[in-house]
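Reviewing the structure listed below.
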Amino acid sequence: MSRLAPKKPSLCSDGPLTDEVCQTLSVFREILKSCYGPCGRLKLIHNNRGGRVQTTSSSAVLLNGVPLSHPVLKLLAASVMNHVSRFSDCGLFAAIFGCTLIENTQRLNMASSSVIKIYRQLLSLSIAYLNSEDCSCRVKVDFKSSQTLLALARTVIASKPACMLTFKEGEYISSMVLKAFLRTVPCTVGPNACLGKMVIVPIEGNIAQDTAVLSGLLVEMPEALPLSNIKRLSSSCINVAVFNVSMSGDLSDAADGTVEISCTVSPEAAILEQLLRVGKQMVSERVGLLVCQKVVHPVLKQYLQEQHVIVVDRLGAALMEPLVQMTGAQSVASYQSAVPSSCYGLLKDLCVVSFGSKELLHLIPGEDSTVCSLVLCNRNETTLSELKIACQTAEHVLRLSLTRPFALLGGGCTETHLASYIRSKCTNRIEDVLSDLACSYTEYQLAVDSFCRSLESLARSLEHDGGESLVDLSHGHQWFVQSSSPLNSHWKDLVNSCGCGLFKKHQSLDWAILGDRYPSLTPGTDCSQFEETTPNLFVLDSFPAKINALQIAVETANLILDLKYIIQDVN
């Protein structure tokens with residue numbers, strides 16, 4: 001018998017934000033910051049337990065793949081991952097902003113309770129402004145045109161450099177994602193209307209411009225499928241039976257509980273007999289396609305194929321919902337009794353399609369179906385994996401725009417504009433605010449400066465090549481200057497357009513270095529000042545995702561700043 005070690009008492013740490021923890025937090029922020037934006041640097045992730053090497057700049061892959069040991073980092077990562085699971089986008093934004101807020105607050109030499117109250121007030125001010133009609137960095141999504149939606153999709157795809165796409169490839173993939181999304185939107189709105197499904201089918205080895213959108217579902221070709229069976233079915237509508245229970249014939253799959261069996265009875269033979277009875281029923285009712293989420297017994301499979309019924313098994317749980325939605329079938333959970341004919345669904349047609357070295361069975365629905373397949377191609381496994389994540393995120397962002405039809409200007413312009421707005425609102429006539437927060441004017445201004453500097457630092461994180469980040473003193477937008485620019489040049493000779501692409505340079509604009517002290521400005525809301533710019537040239541961020549990421553970052557930072565003890569079980 002092995003020895004039992006005595007149980008150790010839990011470890012209690014007072015004042016968790018020590019210098020060592022802050023240093024770890026700073027390293028974590030730098031890792032995430034270096035991945036931020038379309039020019040972000042890639043990370044290779046590999047754990048010491050084996051597994052494949054992942055190349056990525058996506059927050060979901062990074063936070064899942066990088067092992068975190070300290071509870072503070074785990075708390076921050078868990079908050080961001082919860083946000084990503086709900087919104088898909090702006091994970092790096094939330095993580096970097098939260099880390100930066102904590103680090104800047106530690107330098108203030110103020111009571112954390114006072115800073116937390118001020119941050120909450122600034123968060124409320126920010127969200128109220130971004131939701132207001134006067135917000136100058138909010139764009140309404142126009143569903144009469146595809147340009148704004150295309151800009152949203154393009155921004156997501158372009159922000160993932162590990163996809164290794166050229167500009168033309170990025171444009172093409174963005175248009176394909178938008179095309180697939182539009183196919184999932186029902187043409188008629190009624191009480192039972194719902195969004196369809198976009199299923200991504202990854203194809204490795206082809207170029208990105210081989211990507212295509214097909215109506216319906218693509219599934220793996222069944223083994224030894226006679227092509228004559230497909231030709232027999234393609235002349236009319238096809239009855240479809242869908243099973244979500246294993247039809248392998250194993251006794252464990254038949255039922256739960258205790259089974260009493262006579263010594264003269266073979267359970268396997270009895271179950272196979274029941275399976276064949278169900279098969280004969282489907283043949284008599286002219287079922288042309290049987291789809292099973294799990295495994296189909298080889299004898300049943302052979303019998304059905306001899307009767308010209310196509311069998312697709314091992315479909316998997318992910319494809320069951322779109323299949324049921326597309327065919328109108330009801331998934332059958334038992335084969336112990338006759339299958340009601342009302343459970344059958346319909347397909348318009350099916351055929352075999354080839355992409356690269358893969359042959360797939362194409363299940364073609366009726367005209368009004370909202371289920372489609374995005375056949376996603378890229379050159380190798382690494383770029384294809386990252387591109388799949390980017391396309392899933394882009395499609396989710398487009399879905400979110402249906403509930404909140406707005407977007408925020410990207411390229412760091414929303415962050416710099418919001419920082420300018422907060423500074424202008426928090427300078428004068430704030431006596432009531434100071435009274436409510438029970439803090440001095442100096443304390444309030446220090447916290448406001450920390451909050452705004454964190455926003456500006458986030459915007460500057462988009463520059464990775466040693467260039468300079470500027471802010472214009474009229475609109476509060478970010479502008480980039482390349483590191484190779486000649487010295488002693490005027491700013492207007494070095495910039496072309498702001499980060500989001502809304503404004504071009506002109507004589508009346510002045511700039512200051514972002515992050516330095518610059519004159520207070522009140523960002524204008526007069527839309528007549530805006531340059532005439534085609535919306536599809538904008539860099540746009542998801543409005544719901546960025547609003548929630550802002551909330552998550554501030555609330556998580558406040559929670560960490562408010563920690564007094566960390567209790568860890570070390571057994």
Side-chain angles (χ1 to χ4, degrees), residues 16-17 21-103 155-157 159-163 382-397 400 415 454 457-458 461-462 464 541-542 544-561 563 566 568:
L17 288 178
V21 174
C22 289
Q23 179 63 30
T24 305
L25 198 65
S26 178
V27 172
F28 183 57
R29 175 182 57 80
E30 286 299 323
I31 291 173
L32 300 175
K33 180 180 172 181
S34 64
C35 297
Y36 193 45
C39 298
R41 304 310 192 233
L42 307 182
K43 298 292 176 288
L44 283 174
I45 303 174
H46 187 252
N47 60 52
N48 60 2
R49 296 184 300 275
R52 65 190 183 94
V53 177
Q54 292 176 291
T55 305
T56 188
S57 64
S58 301
S59 59
V61 181
L62 276 170
L63 296 177
N64 274 323
V66 176
L68 302 173
S69 57
H70 197 276
V72 168
L73 294 181
K74 287 182 178 179
L75 173 60
L76 180 64
S79 296
V80 175
M81 286 305 297
N82 179 262
H83 161 81
V84 172
S85 68
R86 293 171 56 209
F87 293 90
S88 297
D89 199 19
C90 297
L92 289 176
F93 172 94
I96 298 169
F97 187 43
C99 289
T100 309
L101 270 180
I102 296 168
E103 289 184 71
T155 301
V156 174
I157 301 296
S159 68
K160 303 294 185 288
C163 298
T382 298
T383 57
L384 182 60
S385 175
E386 190 77 353
L387 183 58
K388 181 179 178 181
I389 294 172
C391 291
Q392 288 171 333
T393 302
E395 195 255 352
H396 194 180
V397 164
L400 291 173
E415 290 86 337
S454 298
S457 175
L458 188 60
S461 299
L462 292 167
H464 299 278
D541 291 329
S542 168
K546 183 155 276 191
I547 289 284
N548 193 74
L550 185 64
Q551 288 181 291
I552 289 294
V554 177
E555 289 169 0
T556 305
N558 282 347
L559 179 60
I560 292 173
L561 290 169
L563 290 175
I566 292 180
Q568 291 177 274

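Numbers here simply count residues along the sequence, with the first being 1.
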For [X] and [Y], which heavy atoms make the closest approach, and how far apart are they?
X: Ala95; Y: Leu32; answer: CB-CD1, 3.4 Å
X: Thr383; Y: Ala162; answer: CG2-O, 3.5 Å
X: Leu550; Y: Phe93; answer: N-CE2, 3.8 Å
X: Gly91; Y: Ser59; answer: CA-OG, 3.5 Å
X: Gly98; Y: Ala557; answer: O-CB, 3.9 Å

Query raised in the report: Do any pairs count as a salt bridge (charged side-chain N to carboxylate O under 4.0 Å, His left out) and have a residue in residues 382-395, sequence neighbours left out, and if so which ones?
Result: Glu395-Arg399
Report summary line: Residues pairing under salt bridge (charged side-chain N to carboxylate O under 4.0 Å, His left out) where one sits in residues 21-33, two or more places apart or in two chains, turn out to be Arg29-Glu103
Report task. Just grab all the side chain to side chain donor-acceptor pair (under 3.5 Å) pairs involving residues 548-560, residues at least two apart or on different chains. Result -> Ser79-Thr556, His83-Asn548
Taking only residues two or more places apart in sequence or in another chain, which ones pass side chain to side chain contact (heavy atoms under 4.5 Å, CB included) with [X]?
X: Pro544; answer: Phe87, Leu400, Arg404, Ser542
X: Leu68; answer: Phe28, Val66, Leu73, Lys74, Ala77
X: Asn82; answer: Ser85, Arg86

Query - Main-chain N/O of Ala60 paired with Ser58 side-chain donor or acceptor, under 3.5 Å - result: no
Query - Sidechain-backbone polar pair: His464 side chain, Pro38 backbone, donor-acceptor under 3.5 Å - result: no
Partners passing salt bridge (Lys or Arg N to Asp or Glu O under 4.0 Å) against [X] (at least two apart in sequence or in another chain):
X: Arg41; value: Asp465
X: Asp89; value: none
X: Lys546; value: Glu415, Asp541

Would you indicate whether the side-chain heavy atoms of [Y] and [X] approach each other to under 4.5 Å?
X: Leu462; Y: Cys39; answer: no
X: Val156; Y: His396; answer: no
X: Ile560; Y: Leu17; answer: yes
X: Ser385; Y: Gln54; answer: no
X: Thr24; Y: Val72; answer: no
X: Pro161; Y: Leu42; answer: yes

Rounded to the nearest 0.5 Å, how far apart are [atom1] of [X] and [atom2] of [Y]?
X: Ile547; Y: Ile552; atom1: CD1; atom2: CD1; result: 12.5 Å
X: Leu92; Y: Cys35; atom1: CG; atom2: SG; result: 6.5 Å
X: Met81; Y: Leu76; atom1: CE; atom2: CG; result: 12.0 Å

Report summary line: Hits for ring-ring contact (aromatic ring centres under 6.0 Å, His included) against Phe97, two or more places apart or cross-chain, chain-then-number order -> Phe451
Report task. Identify, with sequence neighbours excluded, every residue that meets side chain to side chain donor-acceptor pair (under 3.5 Å) alongside Ser461. Result -> none
Requested in this report: With sequence neighbours left out, write down each residue that passes side chain to side chain donor-acceptor pair (under 3.5 Å) with Ser159, or none if nothing qualifies.
Outcome: none
Requested in this report: Show your reasoning for whether side chain to side chain contact (heavy atoms under 4.5 Å, CB included) applies to Leu63 and Val84.
Outcome: CA-CA 10 Å; Leu63 296 177; Val84 172; 5.7 Å; no
